[in-house]
Amino acid sequence: MLRRLAALLRFSITARNLWSLLGFRFAPNLASCTTLQLSASSTAGYRTRTRFRAMSTSVNSTPVNEKDEQVFQDLKLLNAVNDRYGGVIVEVREAMDSALFGSVLRASIAQWRHQGKKGVWIKLPIQHVNLVEAAVKEGFWFHHAESNYLMLCYWIPEGTHTLPANASHRIGISAFVMNEKREVLVVQESTGRFQGTSVWKFPTGVVNEGEDICAAAVREVKEETAVDTKFIEILAFRQSHKALFDKSDIFFLCLLEPLSSEVQKQETEIEAAKWMPFEEYKAQPFVQKHELLKYIVDICLAKKDGNYSGFSPVPTTSAFSDEKNFMYFNTTDLNGQ
């Protein structure tokens with residue numbers, strides 16, 4: 001019977017993996033065993049009672065004959081939770097032999113296929129990197145990775161999959177901060193493309209995961225110049241493509257009000273920081289050369305002269321969450337001011 005099970009799963013039974021297949025954490029002492037009973041729980045958090053008929057639907061498994069369909073075993077399958085779109089999500093939490101994982105994965109796919117599931121997501125923590133090859137061999141592909149895990153996915157139905165793509169955009173901000181003297185807060189960067197160019201630019205940065213745009217703008221100004229600010233509006237935004245790692249980029253031009261004046265540059269990334277007359281900033285050859293920067297200058301001046309309305313953050317809830325999130329819109333015109 002075990003040989004039949006191994007053939008169905010394309011799994012070679014060896015002295016090393018026999019007891020894992022049976023559900024034991026360690027090989028038992030046969031001299032002290034009068035009977036063998038399959039464990040109802042898994043060595044790695046996988047369990048289910050599966051009939052072989054479900055396995056016969058897998059395109060990767062050996063066809064199951066009538067005799068096999070009458071066999072019941074406690075076969076360990078991957079623990080999974082249902083997602084909202086007819087698929088399942090698996091998070092591997094404990095170590096597992098890669099060959100055994102491949103076999104259990106094949107059986108699990110067969111079970112999910114039998115249940116009519118669609119997408120399969122497997123979250124592999126970095127400590128279980130040994131299982132990646134086994135998953136790829138079963139048809140899984142990389143979806144995205146973070147510092148401590150890799151997410152793989154698989155599509156069970158025939159035809160083109162409808163799984164969402166990995167995050168496609170990076171979000172950045174540029175902070176326009178002007179004081180009562182019509183001086184603008186600017187920096188020279190000591191790293192990146194502007195290193196050694198002597199170009200003065202607005203403080204810029206990337207929005208962190210889970211961070212609001214308005215909070216990111218205030219944080220970046222504080223980090224680069226030590227100036228405290230209050231977020232006022234988003235003045236404009238620009239979308240570009242094929243940026244860092246070929247991802248698209250959305251860049252928000254933000255208006256902030258200064259709450260302090262003393263400038264202290266960030267030591268790790270900023271070469272210099274200061275208040276500069278806006279006309280002097282505008283006259284830089286680099287600013288005059290690039291169309292985007294000339295538009296930014298015009299927008300900032302129009303705002304300061306009272307001829308432009310940006311988008312203010314308004315806390316809102318939605319049908320998806322009761323948690324307050326920001327919607328940015330032109331509150332001035334909406335309120336008839």
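Put simply, the side chain of Tyr328 gets close to the backbone of Cys214: a donor and an acceptor are under 3.5 Å apart. Checked by atom type and distance alone, the side chain of His143 pairs as donor or acceptor with a backbone atom of Pro164 at under 3.5 Å. Panel note: side chain Asp249, backbone Arg238; no donor-acceptor pair is recorded below 3.5 Å. Asp305 places no side-chain N or O within 3.5 Å of a backbone atom of Asn307 that could act as its donor or acceptor partner. The backbone N or O of Ala273 sits nowhere less than 3.5 Å from a side-chain atom of Thr225 that would complete a donor-acceptor pair. Side-chain N or O atoms of Gln284 include one that pairs as donor or acceptor with a backbone N or O of Trp200 at under 3.5 Å. Here the side chain of Ser318 pairs a donor or acceptor atom with the backbone of Phe320 at under 3.5 angstrom. Glu269 contributes no side-chain N or O that, together with a main-chain N or O of Glu189, makes up a donor-acceptor pair within less than 3.5 Å.
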*Could you walk me through whether Arg106 and Glu138 pass the salt bridge (charged side-chain N to carboxylate O under 4.0 Å, His left out) test, one step at a time?*
CA-CA 7 Å; Arg106 282 192 292 275; Glu138 295 307 315; 2.7 Å; yes
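When only modelled atom types and interatomic distance are considered, His144 and Tyr149 share a side-chain donor-acceptor pair under 3.5 Å.
With values rounded to the nearest 0.5 angstrom, Ser174 atom OG is found 9.0 Å from Leu293 atom CG.
Taking the six-membered ring for Trp and the full ring otherwise, the centers of Phe194 and Phe286 sit less than 6.0 Å from each other.
Salt-bridge annotation for Lys265 and Glu267: present, with a side-chain N of the basic residue lying under 4.0 Å from a carboxylate O of the acidic one.
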